[in-house]
Amino acid sequence: MDTRERVAMKGTPTSVIARGNVVEIWCSSPTGDSSDSVIFRLQCVNDTQAETIAETWRNPFGLTKY
């Protein structure tokens with residue numbers, strides 16, 4: 001399997017946090033302004049589901065839990 005170099009792109013997740021049964025996905029600004037960000041909040045069934053979904057978002061972007 002070939003590996004690809006990670007390239008920083010506008011609009012990609014910078015942090016993914018499970019807060020109880022909610023996942024917060026913090027993304028950099030799609031326009032490139034360093035002072036802007038977009039936060040998506042996903043309501044989950046329970047805390048376990050939220051943590052699983054958060055980890056699923058973290059992996060492809062190489063983000064750590066903390």
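Here the straight-line distance linking atom OG1 of Thr48 with atom CD1 of Ile53 works out to 11.0 Å at 0.5 Å rounding. Here the straight-line distance linking atom NZ of Lys10 with atom CG of Asp36 works out to 12.0 Å at 0.5 Å rounding.
At a threshold of 4.5 Å between non-hydrogen side-chain atoms, the residues Asn21 and Val45 do not count as touching. With a 4.5 Å cut-off on side-chain heavy atoms, Cys27 and Phe40 count as touching. In this structure, the side chains of Thr14 and Ser37 stay at 4.5 Å or more apart for every pair of heavy atoms.
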Task: side chain to side chain contact (heavy atoms under 4.5 Å, CB included) between Trp26 and Val16, intermediate numbers included - done: CA-CA 6 Å; Trp26 292 62; Val16 180; over 6 Å; no
Open item on the list: As a quick check of understanding, evaluate side chain to side chain contact (heavy atoms under 4.5 Å, CB included) for Lys65 and Glu51, giving each step before the final call.
Closed with: CA-CA 10 Å; Lys65 187 172 182 175; Glu51 193 55 56; 3.5 Å; yes
Open item on the list: Apply side chain to side chain contact (heavy atoms under 4.5 Å, CB included) to residues Ile17 and Val23 and explain how you reach the verdict.
Closed with: CA-CA 6 Å; Ile17 305 163; Val23 178; over 6 Å; no
- [ ] Decide yes or no on side chain to side chain contact (heavy atoms under 4.5 Å, CB included) for Ile25 and Leu42, but give the supporting numbers first.
- [x] CA-CA 8 Å; Ile25 304 158; Leu42 302 176; 3.7 Å; yes
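Applying the salt bridge (Lys or Arg N to Asp or Glu O under 4.0 Å) test to residues at least two apart or on different chains, the pairs with a partner in residues 17-30 are Arg19-Glu24, Glu24-Arg41.
Closest approach of Val22 and Ala50 over heavy atoms only: N-CB, 4.1 Å. For the residue pair Pro30 and Val38, the shortest heavy atom distance occurs at CD-CG2, 4.2 Å. Shown here for Ala18 and Ala54, the closest heavy-atom pair between the two residues is CB-CB, 4.2 Å.
When the side chain to side chain donor-acceptor pair (under 3.5 Å) test is applied to Ser29, the partners found at least two apart in sequence or on another chain are Thr31. A search for side chain to side chain contact (heavy atoms under 4.5 Å, CB included) contacts involving Glu55 returns Arg58, Asn59, not counting sequence neighbours.
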